[in-house]
A.B. asks: 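The structure's right below; bear with me while I get my questions together.
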Amino acid sequence: MPLTAEAALALAPDSASAKAAQGLTARAKWVSVGEDETALWGECSGSGAKPYQTQIDQSGPTFKCSCPSRKFPCKHGLALLLLRAQDAAFFTATTQPAWVSEWLNKREEKAVKKKEKLEQAPAPIDSEAAEKTAQKRWARIDAAAADLQRWLIDQIDSGLAAVNASHRDQWHTVAARLVDAQAPGLAQRVREASALIAEGEHWPEKVLSALGVLQLICDAVSNRQQLSDALKADLR
């Protein structure tokens with residue numbers, strides 16, 4: 001692996017890590033080191049009885065170490081790479097220890113699974129099932145629109161002069177029924193119309209206009225097969 005000390009130190013997460021790594025490049029610090037075409041590894045003496053197991057996947061490079069440091073790469077990983085750049089003769093081509101092979105195998109398995117997931121074709125859309133679902137929803141909306149239209153007729157028959165702020169709860173009940181029928185857009189328009197009752201100047205005209213829009217929507221629902229695709233999209 002073509003490598004320079006400068007390139008190794010450039011991977012340091014901060015200057016303190018780079019300085020600490022340089023202090024660990026003495027051969028005496030390392031109980032063992034090794035390499036092959038895919039990895040570098042070594043065991044570095046630390047404060048405990050057991051040396052830290054440090055390994056590098058050369059395809060990255062990607063680092064792993066048994067030390068508790070949260071820095072990535074840690075000073076041991078940096079030191080191992082820096083030592084390889086400065087003293088290649090210290091490294092002997094040999095068979096990977098089990099702890100290195102296990103790590104590399106897990107990385108390979110994860111990479112394969114990730115690739116398979118990305119390459120996996122999306123599940124085919126069941127057009128027949130989708131059509132049935134759409135038909136069921138429209139059936140509920142048809143019933144909701146018919147119920148709404150009867151309510152609209154009642155409001156016009158009784159006259160807006162009889163409507164006052166106390167009627168808002170009744171209008172909200174109508175809106176709740178529309179939500180249950182999966183027609184939240186209609187429900188929102190009913191709530192907005194109720195908010196206009198007895199509010200400001202010329203409120204009866206504003207309420208009548210809002211109810212007129214609701215009537216147009218009800219008409220469109222019952223005659224949707226005659227609408228263009230664009231209007232159907234707006235209606236939905």
A.B. asks: Please list every donor-acceptor pair under 3.5 Å in which a side-chain atom of residues 86-93 meets a protein atom from a residue at least two apart or in another chain.
C.D. replies:
unit_1, atom_1, unit_2, atom_2, d
D87, OD1, R27, NH2, 3.1
D87, OD2, R27, NE, 2.7
D87, OD2, R27, NH2, 3.0

A.B. asks: To the nearest 0.5 Å, what is the distance between SG (C218) and CG (L211)?
C.D. replies: 10.5 Å

A.B. asks: Is there a donor in the side chain of E43 and an acceptor in the side chain of S32, or the other way round, less than 3.5 Å apart?
C.D. replies: yes

A.B. asks: Say whether L227 and I141 are linked into one hydrophobic cluster, either directly or through other cluster members, by side-chain heavy-atom distances under 4.5 angstrom.
C.D. replies: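 In one cluster with L227: I141, yes.
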
A.B. asks: Mind checking salt bridge (Lys or Arg N to Asp or Glu O under 4.0 Å) for R70 and listing every partner two or more places apart, or none if nothing turns up?
C.D. replies: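 In terms of salt bridge (Lys or Arg N to Asp or Glu O under 4.0 Å), with neighbours along the sequence ignored, R70 is linked to no residue.
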
A.B. asks: Check whether V100 and L40 end up in the same hydrophobic cluster, where Ile, Leu, Val, Met, Phe, Trp and Tyr are linked by side-chain heavy atoms less than 4.5 Å apart.
C.D. replies: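 Looking at the clustering, L40 is in a separate group from V100.
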
A.B. asks: Does some side-chain heavy atom of P13 sit less than 4.5 Å from a side-chain heavy atom of L78?
C.D. replies: yes

A.B. asks: Test the R224-W138 pair against the cation-pi criterion, namely NZ or CZ under 6.0 angstrom from the six-membered ring centroid and within 45° of the ring axis.
C.D. replies: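 Satisfied, under 6.0 Å and within 45°.
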
A.B. asks: Would you please name every residue forming a side-chain contact (heavy atoms from CB on, under 4.5 Å) with Q22, sequence neighbours left out?
C.D. replies: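 Q22 satisfies side-chain contact (heavy atoms from CB on, under 4.5 Å) with L9, L82 only.
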
A.B. asks: Is there a side-chain contact between L80 and R84 (heavy atoms, below 4.5 Å)?
C.D. replies: no

A.B. asks: Would you mind reporting whether S69 and Y52 have side-chain heavy atoms less than 4.5 Å apart?
C.D. replies: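 Not in contact.
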
A.B. asks: Just verifying a value: how many Å separate T54 OG1 and W99 CH2, rounded to the nearest 0.5 Å?
C.D. replies: 6.5 Å

A.B. asks: If you measure from the Lys or Arg side-chain nitrogens to the Asp or Glu carboxylate oxygens, is any gap between E128 and K132 under 4.0 Å?
C.D. replies: yes

A.B. asks: Do the side-chain N and O atoms of Q215 and D219 include a donor-acceptor pair separated by under 3.5 angstrom?
C.D. replies: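 D219 and Q215 do have a side-chain donor-acceptor pair below 3.5 Å.
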
A.B. asks: Is any side-chain N of the basic residue among R168 and E199 closer than 4.0 Å to the acidic one's carboxylate O?
C.D. replies: yes

A.B. asks: With a 4.0 Å cut-off, would you call R150 and D147 a salt bridge?
C.D. replies: yes

A.B. asks: Find out whether L178 and P184 are in side-chain contact, i.e. whether some heavy atom of one side chain is under 4.5 Å from a heavy atom of the other.
C.D. replies: no

